[in-house]
**Student:** 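The structure that follows is given in the form of structure tokens.
As the structure is a computational prediction, the values presented were derived from the model and not from experiment. Labels below follow one simple rule: chain letters A, B, ... track the order of the sequence lines, proteins then strands, and each chain is numbered from 1.
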Number of protein chains: 2
Amino acid sequence: MSPNIGTVWSDSIEHLTEKQTSVTAMSQHRKTPVQVETVEPAACSVDLRLSILQKVPFFSDLPDAEIRTLNDQFREYGFQPGEPIYFSGEKAATLYVVASGQVKLLRHSMSGQDVLLDILKPGDYFGSLTTLADELYPDTAQAHTAVCVLSIQTEAFRTLLQQYPPVALTVLDITARRLQETQEIVRRLSADSVEQRIAAVLLKLAQKLGEISDEGILIQMPLSRDDLAQMTGTTTETASRIISQFQKEGLVHSGRKWIVITGRPGLKMIAAAADTV
Amino acid sequence: MSPNIGTVWSDSIEHLTEKQTSVTAMSQHRKTPVQVETVEPAACSVDLRLSILQKVPFFSDLPDAEIRTLNDQFREYGFQPGEPIYFSGEKAATLYVVASGQVKLLRHSMSGQDVLLDILKPGDYFGSLTTLADELYPDTAQAHTAVCVLSIQTEAFRTLLQQYPPVALTVLDITARRLQETQEIVRRLSADSVEQRIAAVLLKLAQKLGEISDEGILIQMPLSRDDLAQMTGTTTETASRIISQFQKEGLVHSGRKWIVITGRPGLKMIAAAADTV
DNA sequence: CGCTACGTTGATCGCACTCAAGTATAGTGG
DNA sequence: CCACTATACTTGAGTGCGATCAACGTAGCG
């Protein structure tokens, strides 16, 4: 009844930056190893916008001259940690691109519970792609760290896509991939235990934001138990218990808002587990 | 802390076909009111392919002449209920469009549990949009009823999108919308009770496949308790209990593989419920 | 007309939520 | 620099929702 099962996503961590944190300075990780980008508000408005736009996956195909023209279409904004970029229910007519920092994408429930759908890093887009009807944002975007975002009117962006079909195809690819990833989350929420889900999320974050340190792979972002809980559909307390357990088993090393993965293979076992005891 | 909350999707049922089932014939719904399309295998290969292609949302913009050329690029296949169209893990290089019938999109878990991600109806696409790397299907597509599908090589489809930017944009719109819908499912799985999720799924199916009958809105498809369970991340038994309960409360009328919604407002209350007792 | 798949209902169990109290960390201001 | 406070994290005890196991009805098909 059940055929081939397997994750499609590449599983390597070879792309990770190797930033050997000096052992002498923090051998025991007493303080956050996560780099807290101090924001000079200037850092955002500088005209390295061009270089940022070039790094955005879907513009990398464009000729330089075009990127220069394109640059004028964008405006940039800075946000402090926790600040909302837009709220669910607001009228949606703007597309954003993360220039620096991290952005949380979340949905609210009547119960007051928030669900964290995704954490975006530089180069990722969010906001409104579509101009259909007078759409509203279904989710809320919130600055997770200090961020700088570039924005463009959806309308203008679509004109641009019409002009450059290859760009449109790249945007489609990214969106299709996100759909796949979200469907995998649905599967996990439907079929896996909390323990498995948390292991899986840690691995995914490590792949996305991991940085090799002497201890293992540091997830380079402030990550609270509550963030983890909101990503895996559980509670802060349960997330905390699971992380404590992982720590006892030597799979992770964690402190206040930071996690280092010290046993990737072990976590992978748990995340995949068919519970063959 | 929690701002505007609201569903974005249109909530009307005005588009539903009104097919008054003769009261005399089945006043008590002893047999399935769902139309079981008997498949003459010929029904698929007829050259109403053209008219089908025109109905596909993303080709409707194209000039007739183009559709005719396009027609040659497609091949058609028929499948019996339960037959797989492709399996997860297989190499992915084909894009499909449902011509008639319904197709299940599902993911398998190690535990043996299957998760039903979506049910596609005529005009919906599925399969591989992207040619990145030698991708594998992350999900399985299975004929739910007798179906006819049109298929095209992903490569050819992409060439086509390059040629007709408006088509590419429409495909992007559809994909973006599916992403939104899937994210809403993630939210429900994370934050809502099984009862709420089932109510929500029934309403969504009614909106998608509903047909107005004398009793209420008939969900025009074979729909077992197990299907419902796989769509809401629960078990057959629990799904059955909830439907029984809904039936006692007069919200639905149901039999073997069919459901009529008799109390839409009540279901909406439950699906939205902030549990204000 | 019997077989098979679907559906129902009951009893029991366990994972994860809830409520609650306590500890540790990192910023803050004196 | 250190007390002070806010926020994050931890851990325990009790509970309940929904899964599991099991047995039995029922529709539809060959």
**Student:** Quick one: A:Ile259 CD1 to D:dC9 C1', roughly how many Å, whole number?
**Tutor:**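 The answer, rounded to whole Å, is 12 Å.
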**Student:** Side chain of A:Arg187, backbone of A:Thr182: donor and acceptor closer than 3.5 Å?
**Tutor:**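 It does not hold such a pair.
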**Student:** Which of these nucleotides, D:dG18, C:dG7, C:dA16, is closest to any side-chain atom of B:Val194?
**Tutor:**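 Within the option list, the nearest is D:dG18.
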**Student:** Looking for any heavy atom pair under 4.0 Å, which part of the strands does B:Arg256 touch: base, sugar-phosphate only, or nothing?
**Tutor:**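 Contact class for B:Arg256: base.
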**Student:** Contact list please: residues 229-243 of chain A against DNA chain C, heavy atoms, distance less than 4.0 Å, in numerical order.
**Tutor:**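 The stretch gives A:Gly233, A:Thr234, A:Thr235, A:Glu237, A:Thr238, A:Arg241 as the residues lying under 4.0 Å from the strand, ordered by number.
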**Student:** Using whole Å, report how far CG of A:Leu189 lies from P of D:dA19.
**Tutor:**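 Distance check: A:Leu189 CG to D:dA19 P gives 14 Å.
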**Student:** At what angle, to 10 degrees, do the two end axes of the helix from C:dC1-D:dG30 to C:dG30-D:dC1 meet, given five pairs define each axis?
**Tutor:**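 Taking five pairs per end, the axes differ by 40°.
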**Student:** Starting from P on D:dT26, measure out to CH2 on B:Trp258 and report it in whole angstrom.
**Tutor:**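 It is 16 Å, rounded to the nearest whole Å.
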**Student:** So, B:Ser88 and B:Asp139: side-chain donor and acceptor under 3.5 Å apart, yes or no?
**Tutor:**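 There is no such pair (donor and acceptor under 3.5 Å, judged by atom type) between the side chains of B:Ser88 and B:Asp139.
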**Student:** Are A:Leu251 and A:Ile261 packed together at the side-chain level, in the sense that at least one heavy-atom pair is separated by less than 4.5 angstrom?
**Tutor:**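 No, side chains not in contact.
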**Student:** What's the NZ-P distance between B:Lys257 and C:dT8, to the nearest Å?
**Tutor:**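 Interatomic distance, NZ of B:Lys257 to P of C:dT8: 13 Å.
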**Student:** Which whole-number value in Å describes the distance from B:Ile198 CD1 to C:dG7 C1'?
**Tutor:**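 One finds 14 Å between C1' of C:dG7 and CD1 of B:Ile198, rounded.
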**Student:** Is the ring pair B:Phe87/B:His108 parallel, tilted or perpendicular, if the boundaries are 30 and 60 degrees?
**Tutor:**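 The arrangement is tilted - the two ring planes meet at 30° to 60°.
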**Student:** Using a strict cut-off of less than 4.0 Å between a Lys/Arg side-chain nitrogen and an Asp/Glu carboxylate oxygen, indicate whether A:Asp227 and A:Lys104 qualify as a salt bridge.
**Tutor:**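 A salt bridge links A:Asp227 with A:Lys104.
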**Student:** B:Glu249: what forms a side-chain hydrogen bond (donor to acceptor under 3.5 Å, both in side chains) with it, not counting sequence neighbours?
**Tutor:**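 So B:Glu249 forms a side-chain hydrogen bond (donor to acceptor under 3.5 Å, both in side chains) with B:Gln245.
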**Student:** For the pair made of CG in A:Leu223 and P in D:dT7, what is the distance, rounded to whole Å?
**Tutor:**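 In whole Å, D:dT7 P and A:Leu223 CG are 19 Å from each other.
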**Student:** For A:Asp226 and D:dC9, what is the distance between atoms CG and P respectively, to the nearest whole Å?
**Tutor:**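 Spelled out: CG on A:Asp226 to P on D:dC9 is 8 Å.
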**Student:** If you compare every side-chain N and O of B:Ser224 against the phosphate oxygens of C:dA5 (OP1, OP2), does one of them come in below 4.0 Å?
**Tutor:**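 No.
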**Student:** Below 4.5 Å, heavy atoms only, C-beta onward: do B:Gln183 and B:Leu179 meet side chain to side chain?
**Tutor:**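 Yes - at least one pair of side-chain heavy atoms lies under 4.5 Å apart.
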**Student:** Would you call A:Gln230 and A:Val115 a side-chain contact if the rule is heavy atoms closer than 4.5 Å?
**Tutor:**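 Counting from C-beta outward, A:Gln230 and A:Val115 never come under 4.5 Å.
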**Student:** Do B:Thr232 side-chain atoms and B:Leu228 backbone N/O form a donor-acceptor pair below 3.5 Å?
**Tutor:**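 Side chain of B:Thr232 to backbone of B:Leu228, a donor-acceptor pair under 3.5 Å: yes, one is there.
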**Student:** Please report the distance, rounded to the nearest Å, between CD in A:Gln245 and C1' in C:dA16.
**Tutor:**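 Spelled out: CD on A:Gln245 to C1' on C:dA16 is 13 Å.
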